[in-house]
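First the structure, in the form of structure tokens, and then the observations on it.
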Amino acid sequence: MNSLKISKIATLLSFSFGLAFSSFSQANSLVIDNFSDYQYVYDLGGDNIATTEGPLAIAGTGLTGATRTLIAQATGSNFHETAIETDNSLSISNTSQSAGNASVIWNFNLTDFTLHGNAIMLQVLAIDIQSGVFVQMIANGSSSSNQIAINGAGDLYVNFSDFDNASVFQGLNQFQLNFKGPQSWDAEFKVLTATTPVPLPPAFALMSLALFGIGSFRKYQHS
């Protein structure tokens, strides 16, 4: 093989690897909250007024200037309780007669979430009811997702494109989760991130091309 062909193959391999790893580097997850900062609020119902705790400055996040506010609202008469607690996880609980609502609101310095992926991931650790519990996500107070069913443990992904206006993720300074469910629902969540659901397919294709090229390059180099 002449030097010109070798040079062309080397350039192609360099370009392929560069694009592949560039694709991965653009998908570095951003931790919105790992819930390691302790916070607690409860509401006893009976007055149709929610109980708020915060804003609390948090450290368990990749965001800068981040604060978190918890809002609980129980249903039913007095002493029908809805509680929210963060202690290395986000726990929401309801007594037997409360079908309470729970909200978590984060405010933070302006951040481009699209540098970290194309979706929001909420890790569900446990839920005691297999149907009827929903979460709605709201970005910058105006761009909302649909009500999303939480049917069991696992990673729950919501794409930016599922929101009313996906462009807000290029300059975000507020994010909110609103939970609701039937009587006595309880759930626990581990982490909330901006991420990409799976490694980008183009990156895999480019890496495969590069690896194939390396094999061919070595074969011809020794022929």
Side-chain angles (χ1 to χ4, degrees), residues 21-41 50-73 83-92 101-126 134-148 150 153-180 187-200 203:
F21 287 106
S22 174
S23 297
F24 280 120
S25 66
Q26 291 174 6
N28 293 328
S29 296
L30 172 67
V31 175
I32 300 171
D33 201 345
N34 63 14
F35 303 112
S36 59
D37 299 277
Y38 184 79
Q39 195 174 13
Y40 178 75
V41 67
T51 302
T52 300
E53 161 58 30
L56 172 74
I58 60 173
T61 178
L63 299 164
T64 60
T67 64
R68 182 180 63 211
T69 300
L70 305 180
I71 304 173
Q73 185 170 11
I84 311 171
E85 182 177 28
T86 61
D87 188 10
N88 292 309
S89 66
L90 170 66
S91 299
I92 303 171
N101 299 321
S103 295
V104 186
I105 303 172
W106 293 267
N107 290 280
F108 42 87
N109 295 337
L110 200 66
T111 305
D112 186 349
F113 276 37
T114 64
L115 297 177
H116 304 278
N118 58 18
I120 299 296
M121 188 277 286
L122 177 64
Q123 186 178 39
V124 184
L125 288 181
F134 297 87
V135 61
Q136 183 183 41
M137 302 184 181
I138 304 175
N140 276 0
S142 60
S143 182
S144 304
S145 71
N146 293 325
Q147 298 283 347
I148 303 153
I150 305 173
D155 295 342
L156 178 67
Y157 290 95
V158 182
N159 293 326
F160 296 166
S161 59
D162 294 330
F163 287 73
D164 295 332
N165 179 11
S167 67
V168 300
F169 286 97
Q170 296 175 356
L172 207 63
N173 59 13
Q174 186 185 81
F175 195 75
Q176 180 171 345
L177 298 178
N178 293 333
F179 299 91
K180 68 177 184 179
E188 186 175 8
F189 308 91
K190 180 60 179 176
V191 67
L192 180 71
T193 65
T195 187
T196 300
V198 294
L200 299 175

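Note that this is a predicted model, so its numbers are computed, not measured.
Listed by first and then second residue, the salt bridge (charged side-chain N to carboxylate O under 4.0 Å, His left out) pairs that reach into residues 28-41 are D33-R68, sequence neighbours excluded.
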Exercise. Could you please spell out the steps behind the side-chain contact (heavy atoms from CB on, under 4.5 Å) verdict for E85 and L70?
Key: CA-CA 9 Å; E85 182 177 28; L70 305 180; over 6 Å; no
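Here the closest heavy-atom approach between residue A83 and residue Y40 is recorded as CB-OH, 3.9 Å. Contact record, T69 with Q39: CA-NE2, 4.3 Å, taken as the closest heavy-atom pair. Pairing each heavy atom of G117 with each of T196, the nearest pair is CA-OG1, 3.2 Å. Nearest heavy-atom pair, N140 versus G171, reported as atom, atom and distance to 0.1 Å: ND2-O, 3.1 Å. Across all their heavy atoms, I71 and A50 have their closest contact at CG2-CB, 3.6 Å. The minimum heavy-atom distance linking T193 with V31 is given by the pair CG2-CA, 4.0 Å.
Judged as a side-chain contact (heavy atoms from CB on, under 4.5 Å), and not counting sequence neighbours, the contacts of T111 are L30, L63, F108, F113. A search for side-chain hydrogen bond (donor to acceptor under 3.5 Å, both in side chains) contacts involving S167 returns N165, not counting sequence neighbours. Take N107 and apply the side-chain hydrogen bond (donor to acceptor under 3.5 Å, both in side chains) test, not counting sequence neighbours, and it matches Q174. Residues forming a side-chain contact (heavy atoms from CB on, under 4.5 Å) with S144 (at least two apart in sequence, or on another chain): Q136, I138, D164. Qualifying side-chain hydrogen bond (donor to acceptor under 3.5 Å, both in side chains) partners for Q73, counting only residues two or more places apart in sequence or in other chains: N48. In this structure S36 satisfies the side-chain hydrogen bond (donor to acceptor under 3.5 Å, both in side chains) test together with N34, sequence neighbours excluded. Applying the side-chain contact (heavy atoms from CB on, under 4.5 Å) criterion to N159, with sequence neighbours excluded, gives N118, A119, S161, D162, P197. For F35, there are no ring pair (Phe, Tyr, Trp, His ring centres under 6.0 Å) partners at least two apart in sequence or on another chain. Under the rule for a side-chain contact (heavy atoms from CB on, under 4.5 Å), the partners of I148 that lie at least two apart in sequence or sit in another chain are V135, S145, L156, V158. By the ring pair (Phe, Tyr, Trp, His ring centres under 6.0 Å) test, F175 is found to be paired with no residue, residues two or more places apart in sequence or in another chain being considered.
With rounding to the nearest 0.5 Å, the separation of CD in E188 from OG in S91 is 4.0 Å. Here the NZ-CG distance, from K190 to N88, works out to 5.5 Å after rounding to the nearest 0.5 Å. Taken to the nearest 0.5 Å, the CE atom of M137 stands 10.5 Å off from the CZ atom of F160. Distance CG/L56 to CH2/W106: 12.5 Å, rounded to 0.5 Å. A distance of 7.5 Å separates CG in N101 from NZ in K180, rounded to the nearest 0.5 Å. Residue Q123 holds its CD atom at 9.0 Å from OH of Y157, rounded to the nearest 0.5 Å.
Between F179 and I84, the closest side-chain pair of non-hydrogen atoms is not below 4.5 Å.
Checked against F189 for a side-chain contact (heavy atoms from CB on, under 4.5 Å), the options I92, L125, T86 give a single hit: I92.
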